[in-house]
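Heavy-atom basis, side chains included; hydrogens, waters and symmetry copies ignored. Proteins get letters first, then strands, A, B, ... in listed order; numbering begins at 1 in each. The structure presented is a predicted model; accordingly, all values stated were derived computationally and were not measured.
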Number of protein chains: 2
Amino acid sequence: MVTKAKRAQRRTDALSKERIIETAIEILDAEGESALTFRALAARLTTGSGAIYWHVANKDDLLAAAASDVIARVVTDVSDGTEPREAVRRIALGVYDAIEAHPWVGTQLSREPWQFAVLRIFEAVGRQLQALGVPEPAQFDCASALVNYVLGLAGHRAAAARLLAPDTDRTAFLTAAAARWAQLDPGQYPFMRQVAVQLPGHDDREQFLAGIDLILSGIGEKLR
Amino acid sequence: MVTKAKRAQRRTDALSKERIIETAIEILDAEGESALTFRALAARLTTGSGAIYWHVANKDDLLAAAASDVIARVVTDVSDGTEPREAVRRIALGVYDAIEAHPWVGTQLSREPWQFAVLRIFEAVGRQLQALGVPEPAQFDCASALVNYVLGLAGHRAAAARLLAPDTDRTAFLTAAAARWAQLDPGQYPFMRQVAVQLPGHDDREQFLAGIDLILSGIGEKLR
DNA sequence: ACCTGAACACCGTTCAAGT
DNA sequence: ACCTGAACACCGTTCAAGT
């Protein structure tokens, strides 16, 4: 006989898209992109690997949903009433920090064309541009510029995280990269060699924000 | 006995990193990213799949080298004497067109952190910023903004190409996307719904360039 | 309706063995 | 030094069979 308690228990244990996504995020966060397999996921959910396909179309679908989940938390958080430029900065930094915390989201964002996670960012940014008074025909271009910039960095940070052994520290990594750049052929790579000096001391997050401000300043020019 | 002719023949037939990369690019261009396997590559090179590992560390190495090859052709092409802003536009469009012609390069660029292909773009852009008179401390940030923007679009276009069935035409695809956006929840996605109208008529390449100009304009502000 | 888990059709990579 | 190709240790996905 199935008691009420048992049914409640069942409902919690029952497989669902939400529970699958949640568990997928746990695995991705704890063990990285390569650890997410349907077998690992099924083991963690104490079910068969085929069962997952009842709730999720395939692995791409699962990853897209997981990324969309993480981004939704970040993007919704922008409080109203803030100055539009500042709001754009916050959205961008929110995405940046989310990728820092979940590098696999970066991979996902830069692989997705017009999936939900990206739409969410696009929408949030676009609204701020409207608030800023950007004329309608230019809004699409401006939003696209901001979003593409964010996604470019997303992919980049994710790639860096993939390379970085989990225990290496950042400064050591940057110093190593700088050393490699400093050894490039001076005839072919004068700029990289010059920049190499700045690399170890530079702050990724601030550089990211500097790029946002550059684009915002370009947008500001359009408003005059 | 090994005649001179035979040795020459040997030299052409012999496996080499160059020949492997060349063949890999052929496969990637003709049949897409998923078609590049070591087995397919070995078959095309009439050799064993293990032989490839003598010349190439692994698949990542191979893909990075292939992308670097394609980008090198594009980036070197910038003739001297052009106005720096125009040169930046040409570099960016060169990368854009390369990705259009070889979508797999887009995937690769957005996955690579500081690999050769990206370094090449960074270097080319950085030099133009120097020529433009951007003060040294700001050069790194400005170059990074431009490159991240380009890479963001790279990933995006590659993803779109992955989705697009090889025979679908672009306008049909955009119209379909626009229709999907128009159906989004008006409360949650007002901006996307508004932009949906502009989507079918919009030119990706021009929008890309508009973003570059936005960043260049922001950089121009710094020069005053 | 939902879940099981063996089976299928692949992968990248390794490595003893050859030339 | 370079190449061969079978073998290994995986994948995502499917599907007959169960409940």
Side-chain angles (χ1 to χ4, degrees), chain A residues 1-3 6-25 27-28 31-67 104 107-108 111-112 159 162-163, chain B residues 1-3 6-25 27-28 31-67 104 107-108 111-112 115 162-163:
Chain A
M1 183 200 149
V2 180
T3 64
K6 247 187 196 159
R7 234 187 291 134
Q9 174 67 22
R10 260 284 179 76
R11 208 176 296 135
T12 331
D13 280 11
L15 226 45
S16 66
K17 187 156 184 178
E18 291 77 49
R19 221 159 73 80
I20 291 170
I21 293 169
E22 194 187 318
T23 311
I25 292 178
I27 294 176
L28 287 163
E31 301 166 66
E33 305 176 42
S34 63
L36 184 70
T37 67
F38 276 71
R39 281 173 241 274
L41 196 51
R44 194 104 144 202
L45 291 161
T46 53
T47 179
S49 57
I52 296 164
Y53 283 88
W54 189 263
H55 299 95
V56 152
N58 52 37
K59 196 173 181 180
D60 274 354
D61 183 32
L62 175 58
L63 282 166
W104 57 272
T107 311
Q108 205 42 35
R111 279 184 55 93
E112 282 183 296
R162 224 178 289 127
L163 267 193
Chain B
M1 182 199 151
V2 179
T3 63
K6 248 188 196 158
R7 234 186 291 134
Q9 175 65 24
R10 260 285 178 74
R11 207 175 298 134
T12 330
D13 279 12
L15 226 47
S16 66
K17 187 157 183 177
E18 291 78 48
R19 222 159 72 78
I20 291 170
I21 292 169
E22 195 186 318
T23 311
I25 292 177
I27 294 175
L28 287 162
E31 300 165 66
E33 305 175 41
S34 64
L36 184 69
T37 67
F38 276 71
R39 282 172 241 273
L41 197 50
R44 194 105 145 201
L45 290 161
T46 54
T47 179
S49 58
I52 296 164
Y53 284 88
W54 189 263
H55 300 94
V56 152
N58 51 39
K59 196 173 181 182
D60 275 354
D61 183 31
L62 175 58
L63 282 166
W104 57 273
T107 311
Q108 204 43 36
R111 280 184 54 91
E112 283 184 296
Q115 304 289 82
R162 224 178 291 128
L163 266 195

Report task. Using a 4.0 Å heavy-atom cut-off across all strands, classify L36(B) as base, sugar-phosphate, or nothing. Result -> sugar-phosphate
**Report entry** Heavy-atom pair of closest approach, residues N58(A) and D61(A)
**Finding:** OD1-N, 2.9 Å
Report task. Would you kindly compare N58(B) and S16(A) by the position of their nearest DNA chain C nucleotide and give the one closer to the 5′ end? Result -> S16(A)
Report summary line: For dC8(D), the nucleotide meeting Watson-Crick or G-U wobble distances (both under 3.5 Å) is dG12(C)
Requested in this report: Indicate the atoms forming the closest heavy-atom contact of A65(A) with K17(A), along with that distance.
Outcome: CB-CE, 4.3 Å
Requested in this report: Return the nearest nucleotide to the side chain of R39(B); candidates are dA1(D), dA7(D), dC2(C).
Outcome: dA7(D)
**Report entry** Per S49(A) side chain, nearest of listed nucleotides dG12(D), dG5(C), dT14(C)
**Finding:** dG5(C)
Query - Side chains of T107(B) and L63(B) in contact at under 4.5 Å (non-hydrogen atoms) - result: no
Report summary line: Assert: residue with more 5' nearest nucleotide on DNA chain D, out of S34(A) and A57(A), is S34(A)
Query raised in the report: Counting side-chain heavy atoms from CB outward, which of dG12(C), dC3(C), dT13(C) is closest to A51(A)?
Result: dC3(C)
Report task. Find the distance L15(B):CG to dC3(D):P and express it as a whole number of Å. Result -> 5 Å
Report task. Whole angstrom is fine here: how far is it from CD1 in I20(A) over to P in dC2(C)? Result -> 12 Å
Query raised in the report: Could you give the CG-to-C1' distance, from L63(A) to dG12(D), as a whole number of Å?
Result: 12 Å
Query raised in the report: Under a 4.5 Å cut-off applied to non-hydrogen side-chain atoms, are R111(A) and R162(B) in contact?
Result: yes
Query raised in the report: W54(A) has a side chain; which of dT14(D), dC3(D), dA1(C) sits nearest to it?
Result: dA1(C)
**Report entry** Flag side-chain contact, heavy atom, 4.5 Å: L41(A) against K59(A)
**Finding:** no
Query raised in the report: Whole Å only: how far is the CZ atom of F38(A) from the P atom of dC8(C)?
Result: 21 Å
Requested in this report: Return the value, rounded to whole Å, for the distance between atom CD1 of I52(A) and atom P of dG5(C).
Outcome: 13 Å
Query raised in the report: E33(B) has an atom CD; how far is it from atom C1' of dC11(C), in whole Å?
Result: 16 Å
Query raised in the report: K59(A) side chain: which of dA6(D), dG12(C), dT13(D) is closest?
Result: dT13(D)
Report task. Report which part of the nucleic acid L41(A) touches: base, sugar-phosphate, or nothing (heavy-atom distance under 4.0 Å, all strands). Result -> nothing
Query raised in the report: Mind checking who dC2(C) pairs with, Watson-Crick or G-U wobble, both distances under 3.5 Å?
Result: dG18(D)
